[in-house]
Amino acid sequence: MAGASGRLAWCRCLSAVRSPLQVVCFPALKLHVSGAAMRASLKDLENAVNQVKLLKKDPGNEVKLKLYALYKQATEGPCNMPKPGVFDLINKAKWEAWNALGSLPEETARQNYVDLVSSLSSSSESSSQVKPGADKEHAGYGTLVVTSEDGITKIMLNRPTRKNAISTQMYQEIILALKAASQDDSAITVLTGNGDFYCSGNDLTNVTDTPLGGIEEKAKNSTNLLRDFVASFIDFPKPLIAVVNGPAVGIAVTLLGLFDIVYASDRATFHTPFSHLGLSPEGCSSYTFPKIMGPTKATEMLTFGKKLTAREACAQGLVTEVFPDATFQKEVWTRLTAYAKLPSNVLRISKQVIRNREKEKLHSVNVEESSIIQGRFLSEESMNAVMNFLSKRAKL
Ligand SMILES: CCCCCCCCCCC/C=C/C(=O)SCCNC(=O)CCNC(=O)[C@H](O)C(C)(C)COP(=O)(O)OP(=O)(O)OC[C@H]1O[C@@H](n2cnc3c(N)ncnc32)[C@H](O)[C@@H]1OP(=O)(O)O
């Protein structure tokens, strides 16, 4: 176990390996209006920030630094940070890019940011499958696209450039989207991913923003969030269907045991590398997986990280049916549209008859797994594994 000071150093180290694009992609928009005469509006800036997330091609470090600097200048004004030390290469590069903008007015920085993103977007076709402005789209989500149509509420994970990794914001938004879907008039609810992945699991950079209370508080907050997140799947009252459009990793796989139907493209794979990350099973998988596939197959997956193809996952009962990737979307949505025409009350009732007697057990498993994983977050094994991942992806 690392000591408290070791943990603090570790957190600082993690912050240092964030790439500029990451900072540009996931800023909490702390905007303040600084004048009436603006060209690009605050909304334009927000839209541009969202557009960056959909860029298909990595724009390269130079452009990422430029975006970072313009965003900081547009939202906070001239560089106000002490210069990082010589060995803090990434933060130093970011500081230099921001500082180089001198006293450039915030409005100009905002306009330059919007122009730069617009030029990048026109040269890089968006990888989104989302039809912008689809009229049944629910507004207000930053990491999801939620639509309701033909009796189906579709919750689409929408961070394709991060393989739909689940950031803290995405955990919170999924909880909200499930709550809303449980109360809307759709008959069924679908979870799927935008782009080539279904979901790459927990966003491993979730650990980098450590609160004042330190890593212990972070682990406690994260565990509470994880527990509430999983509970919202356990409690979901109507048929919940996973449309697994590509590879699934970690918590995106374990949760499948709580879905009512799982349809997968034959391109999908199912991988839970918990031991490699020093983590223990979550999402009630320590209970649902042995029930679904038997304890030995569950152990191969959850303890030894064996990756399954879609057909293997189907043979083991984790997946309901596998479709060829070329016809996956068409076949699945045709099927689901027909299912959603069934009377919605009886769909709810049937789900509850099938699932309710397990609910109490699932909640107690969730609480137990969350408490065990809280200890794992703080373990050296887990910290080292996350550090390795983040160091490898730091490109500066
Ligand atoms: C102490 C507090 C802790 C807070 C925790 C919150 C509570 C919940 C915890 C739940 C327990 C854990 C559950 C899990 O889900 S464990 C599994 C986590 N996921 C992974 O280990 C996958 C990691 N990613 C990969 O292995 C590969 O990226 C992947 C196979 C998914 C794709 O490989 P590919 O080569 O096709 O693509 P890239 O690697 O180039 O990926 C593109 C960019 O996306 C970034 N990426 C991908 N996955 C993640 C991820 N999970 N987290 C963060 N970022 C991710 C990747 O780094 C690339 O970014 P860059 O272009 O900037 O390099």
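One-based numbering, in listed order, for ligands and for the atoms of each. This chain uses plain numbering: 1 for the first residue, then up along the sequence.
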| Which residue pairs satisfy the ring pair (Phe, Tyr, Trp, His ring centres under 6.0 Å) criterion with at least one member in residues 147-181, sequence neighbours excluded? | Tyr171-Phe229
| said: Can you name the atoms of ligand 1, numbered from 1 with element, that are less than 4.0 Å from a heavy atom of Gly201? | reply: 15 (O)
| said: Does atom CD (Glu331) have a neighbourhood of more than 12 heavy atoms from anything else shown, all under 6.0 Å? | reply: yes
| query | Quick check: does any side chain N or O of Thr272 sit under 3.5 Å from a backbone N or O of Phe274, one acting as donor and the other as acceptor? | reply | no
| Any Thr161 heavy atom less than 4.0 Å to ligand 1 | yes
| Relative to ligand 1, is Leu277 under 4.0 angstrom through side chain, backbone, both or neither, heavy atoms considered? | side chain
| request: Answer yes or no for Tyr171: is there a heavy-atom contact with ligand 1 below 4.0 Å? | output: yes
| query | Between Asn99 (side chain) and Cys79 (backbone), is there a donor-acceptor pair under 3.5 Å? | reply | no
| said: Pairs of nitrogen or oxygen atoms closer than 3.5 Å, one from Asn202 and one from ligand 1: do any exist? | reply: yes
| query | Considering distance alone, does some N or O of Ile251 sit under 3.5 Å from an N or O of ligand 1? | reply | yes
| Min heavy-atom dist Ile373 to ligand 1 below 4.0 Å | yes
| request: Ignoring angles and geometry beyond distance, decide whether Ser200 reaches within less than 3.5 Å of ligand 1 through its nitrogen or oxygen atoms. | output: yes
| remark: The reported gap from CD1 in Ile372 to OG in Ser280 (rounded to nearest 0.5 angstrom) is 6.0 Å
| request: Identify whether NZ of Lys or CZ of Arg in Lys72 sits under 6.0 Å from the centre of the six-membered ring of Trp95 and within 45° of that ring's axis. | output: no
| request: Taking only heavy atoms of Phe197 into account, list the atoms of ligand 1 that are under 4.0 Å away from them. | output: 31 (C), 32 (C)
| Do ligand 1 and Leu204 have nitrogen or oxygen atoms that lie under 3.5 Å from each other? | yes
| query | Taking only heavy atoms of Ala165, which atoms of ligand 1 are found under 4.0 Å from at least one of them? | reply | 49 (C), 50 (C), 51 (N), 52 (N)
| task | Examine Arg162 against ligand 1 and note whether any of their N/O atoms are separated by less than 3.5 Å. | result | yes
| request: Measure from the ring center of Phe328 to the ring center of Tyr263 and say whether it is less than 6.0 Å. | output: no
| query | Would you call the rings of Trp98 and Tyr68 parallel, tilted or perpendicular if under 30° counts as parallel and over 60° as perpendicular? | reply | perpendicular
